[in-house]
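Heads up, the thing below is written out as structure tokens.
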Amino acid sequence: ERKWSTPLAKQLAAAIETTGPVPLASYMRMCLTADIGGYYTGAIEEGRDQFGLKGDFVTSPEISQVFGELCGIWFVAEWMAQGRQSQGVELIEVGPGRGTLMDDMLRTIQRFPAMASSIDAIYMVEASPALRMAQKNLLCGENAPMTESKVGYHSVCKYNALPIVWTETIKSIPMAPEKMPFIMAHEFFDALPIHAFQLVSVPATQRNPPAPSDTASPSTKTSHPTLEWREMLVSPTPPGSTHDSLRTPPSQSRDTPPPDFQLTLAKAPTRHSLYLPESSPRYRALKTGSTSPTGHPTPGALLEICPDAALYAADFAARIGGSAAHPKPRPSGAALVLDYGPGDGSVPTNSLRGIRRHRRVSPFAEPGLTDLSADVDFAALAEAAVRASPGVEVHGPVCQADFLELMGIAERVGVLCRAAAARGHGDKAEAVRRACRRLVDRGPGGM
Ligand SMILES: C[S@@+](CC[C@H](N)C(=O)[O-])C[C@H]1O[C@@H](n2cnc3c(N)ncnc32)[C@H](O)[C@@H]1O
């Protein structure tokens with residue numbers, strides 16, 4: 001019998017044997033958040049987590065407190081600019097990791113007592129039970145009890161005894177017109193599952209039923225090859241595969257067993273390939289070629305779409321700006337999304353990454369033990385937000401370095417370094433400077 005690299009790989013292979021190859025999004029969802037053996041929900045060994053030197057990756061809030069402080073200041077500035085509402089403010093964080101970012105933001109907001117006292121509740125959207133506990137311990141104390149209700153898990157924060165509620169999805173957080181939500185999403189969207197498609201030239205004889213946008217006349221349909229989006233699906237690699245036979249790219253470390261799975265192109269349209277690439281003018285333009293420099297579409301072109309990201313962006317927008325289902329007398333609140341992705345409005349392609357112990361590995365090696373992420377399509381988030389709510393404005397994206405510099409990182413680092421030096425801790429001052437240089441490094445070594 002074939003040996004699979006992880007129990008999750010075995011389970012996935014058994015499922016694929018019954019259903020046939022699965023969409024990349026289904027594979028990603030299982031690898032990251034499956035009840036048993038998902039990367040965030042269970043596979044990590046006792047005493048180890050995903051973050052830091054001993055883990056798989058480092059995130060900006062874990063590098064320096066200054067990151068969370070400046071995000072906190074951004075929300076304070078929004079609260080002031082929107083009229084300093086004295087109650088009904090909610091802080092919502094999606095994907096809060098170890099809770100460090102929320103802790104740094106809350107500590108900063110305490111310096112603005114009028115805003116601090118306007119906060120009614122804190123909500124944390126977290127899929128991982130272990131990280132939920134780490135967040136509770138940091139924000140409420142190790143001995144603080146956590147209780148369970150229909151909505152989620154509850155505890156009381158060490159700052160102002162604010163109630164904190166943990167939910168598994170944002171949909172579980174109540175929406176009310178008088179609330180002013182401030183929503184933080186740092187390295188969350190890149191963990192949401194993507195679908196991947198390729199534009200293929202299909203001979204007239206193999207033509208499948210036309211896609212909804214296909215307006216070609218019946219005569220042209222039968223005579224010329226046409227372009228169709230085909231979905232990339234995940235299936236097991238052939239037994240006995242090696243890194244060489246699978247041509248694992250040199251950019252990916254081979255310190256893992258050979259990948260258990262591989263991407264293959266669907267031979268026929270799938271439910272997703274018929275619908276998702278037709279769901280936005282940006283994707284449709286790739287098929288017509290209207291935005292390409294040649295004016296023609298490129299056979300072989302790739303496209304990644306993250307429906308969950310659009311759902312989250314639409315939810316943020318409805319909370320802030322109101323929607324038909326959840327009207328609001330006036331828009332209030334803000335969301336700050338920081339993540340990896342193209343800043344020029346282009347659609348991400350070929351961006352799925354596997355990370356293990358700080359190295360790039362195949363995303364199909366050791367499923368459940370490998371972190372998976374993909375570039376965030378900021379333009380798609382903006383499109384989903386404005387479509388969901390007429391009351392929201394979208395700004396950006398700008399690169400993280402520009403954001404932090406405009407928010408005053410140099411000034412804050414100066415204050416921290418002078419304080420460290422005054423206490424005779426010159427080495428600490430240097431460490432603060434080094435960490436913050438990394439946060440604004442625009443090169444490959446930066447965040
Ligand atoms: C890369 S970590 C980022 C953590 C944190 N924001 C930071 O910057 O340190 C991703 C976080 O999102 C959570 N997460 C991933 N997928 C999720 C999902 N589908 N629903 C809810 N939380 C999710 C993970 O458990 C983790 O807390």
Side-chain angles (χ1 to χ4, degrees), residues 25-35 37-44 48-53 55-72 91-106 122-139 152-153 164-173 183-194 306-313 315-316 335-341 352-356 358 368-376 400 403-404 435 438-439 447:
S26 311
Y27 172 81
M28 239 180 126
R29 193 183 308 282
M30 289 289 284
C31 289
L32 291 175
T33 54
D35 284 346
Y39 179 74
Y40 283 114
T41 37
I44 296 281
R48 176 178 177 258
D49 75 15
Q50 296 86 352
F51 300 78
L53 276 184
D56 295 310
F57 53 76
V58 194
T59 59
S60 296
E62 302 295 334
I63 289 179
S64 169
Q65 67 182 71
V66 174
F67 181 81
E69 291 173 347
L70 295 177
C71 292
L91 291 188
I92 302 176
E93 186 175 358
V94 291
R98 286 173 164 174
T100 310
L101 176 52
M102 182 57 87
D103 191 41
D104 291 336
M105 291 201 303
L106 282 167
I122 300 167
Y123 291 95
M124 310 278 265
V125 178
E126 177 55 72
S128 156
L131 288 173
R132 182 173 67 219
M133 194 47 76
Q135 293 153 19
K136 195 278 296 174
N137 288 345
L138 181 64
L139 296 170
Y153 296 84
I164 309 194
V165 185
W166 282 265
T167 63
E168 280 180 18
T169 120
I170 195 151
K171 289 271 167 253
S172 311
I173 303 178
I183 309 172
M184 180 77 219
H186 179 250
E187 289 207 35
F188 169 73
F189 279 98
D190 69 350
L192 296 179
I194 55 163
C306 183
D308 286 13
L311 289 175
Y312 266 89
D315 181 287
F316 292 1
L336 182 58
V337 177
L338 286 123
D339 229 310
Y340 296 94
L352 180 69
R353 292 173 285 270
I355 302 280
R356 190 145 160 69
H358 302 271
L369 294 179
T370 300
D371 177 39
L372 299 182
S373 62
D375 277 0
V376 172
Q400 169 162 314
F403 171 74
L404 295 176
R438 192 160 168 210
L439 294 183
M447 294 307 292

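As the structure lists them, so they are numbered: ligands from 1, and atoms in each ligand from 1. All heavy atoms count here, side chains included; hydrogens, waters and symmetry mates do not.
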Check: What residue and atom, counting heavy atoms only, is the protein's closest point to atom 9 (O) of ligand 1, and at what distance?
Finding: Thr59 OG1, 2.7 Å

Next item on the list: Report yes or no: does Leu101 have a heavy atom closer than 4.0 Å to ligand 1?
Entry: no

Notebook entry, point to check: In terms of atom number and element, which parts of ligand 1 are under 4.0 angstrom from non-hydrogen atoms of Ser128?
Noted result: 25 (O)

Notebook entry, point to check: Nearest heavy atom to atom 4 (C) of ligand 1: which of Gly95, Ala185, Ser60 does it belong to?
Noted result: Gly95

Next item on the list: Among all protein heavy atoms, pick the one closest to atom 3 (C) of ligand 1 and tell me residue, atom and distance.
Entry: Glu187 O, 3.5 Å

Check: Which residue from Ala127, Gly97, Gly38, Pro61 reaches closest to atom 18 (C) of ligand 1 through any of its heavy atoms?
Finding: Ala127

Notebook entry, point to check: Around Glu62, counting heavy atoms of other residues, nucleotides and ligands shown, do more than 12 lie under 6.0 Å from its CD?
Noted result: yes

Check: What residue and atom, counting heavy atoms only, is the protein's closest point to atom 27 (O) of ligand 1, and at what distance?
Finding: Glu126 OE1, 2.7 Å

Check: For the residue pair Tyr39 and Phe57, does the interplanar ring angle fall in the parallel (under 30°), tilted (30 to 60°) or perpendicular (over 60°) class?
Finding: tilted

Notebook entry, point to check: How far is atom 8 (O) of ligand 1 from its nearest protein heavy atom, and which residue and atom is that?
Noted result: His186 ND1, 2.5 Å

Check: Any idea which of Tyr312, Phe188, Phe51 brings a heavy atom closest to atom 17 (C) of ligand 1?
Finding: Phe188

Checklist line | Heavy-atom side-chain proximity of Met124 to Pro96 below 4.5 angstrom | finding: yes

Check: Near Leu131, which atoms of ligand 1 are under 4.0 Å from a heavy atom of that residue?
Finding: 25 (O), 26 (C), 27 (O)

Check: Which protein non-hydrogen atom lies closest to atom 1 (C) of ligand 1, naming both residue and atom, and how far is it?
Finding: Tyr40 OH, 3.2 Å

Next item on the list: Compare every heavy atom of Arg98 with every heavy atom of Leu138, then report the nearest pair and how far apart it is.
Entry: CD2-O, 3.7 Å

Next item on the list: Tell me, please, which residues at least two apart from Arg353 pass salt bridge (Lys or Arg N to Asp or Glu O under 4.0 Å).
Entry: Asp375

Check: Which atoms of ligand 1 have any heavy atom of Phe57 under 4.0 Å away?
Finding: 1 (C)

Check: Pick from Ile183, Ile170, Thr169, Ile173: which one makes a side chain to side chain contact (heavy atoms under 4.5 Å, CB included) with Asp315?
Finding: Ile170

Checklist line | Expected output: side-chain Glu187 to main-chain Leu338 donor-acceptor under 3.5 Å | finding: no

Checklist line | Under the salt bridge (Lys or Arg N to Asp or Glu O under 4.0 Å) test, residues paired with Asp103 that sit two or more places apart | finding: Lys158

Notebook entry, point to check: Mind checking whether His186 and Phe67 have parallel, tilted or perpendicular rings, split at 30° and 60°?
Noted result: tilted

Next item on the list: Write out the residue and atom name of the closest protein heavy atom to atom 19 (N) of ligand 1, then the distance separating them to 0.1 Å.
Entry: Leu192 CD2, 3.8 Å

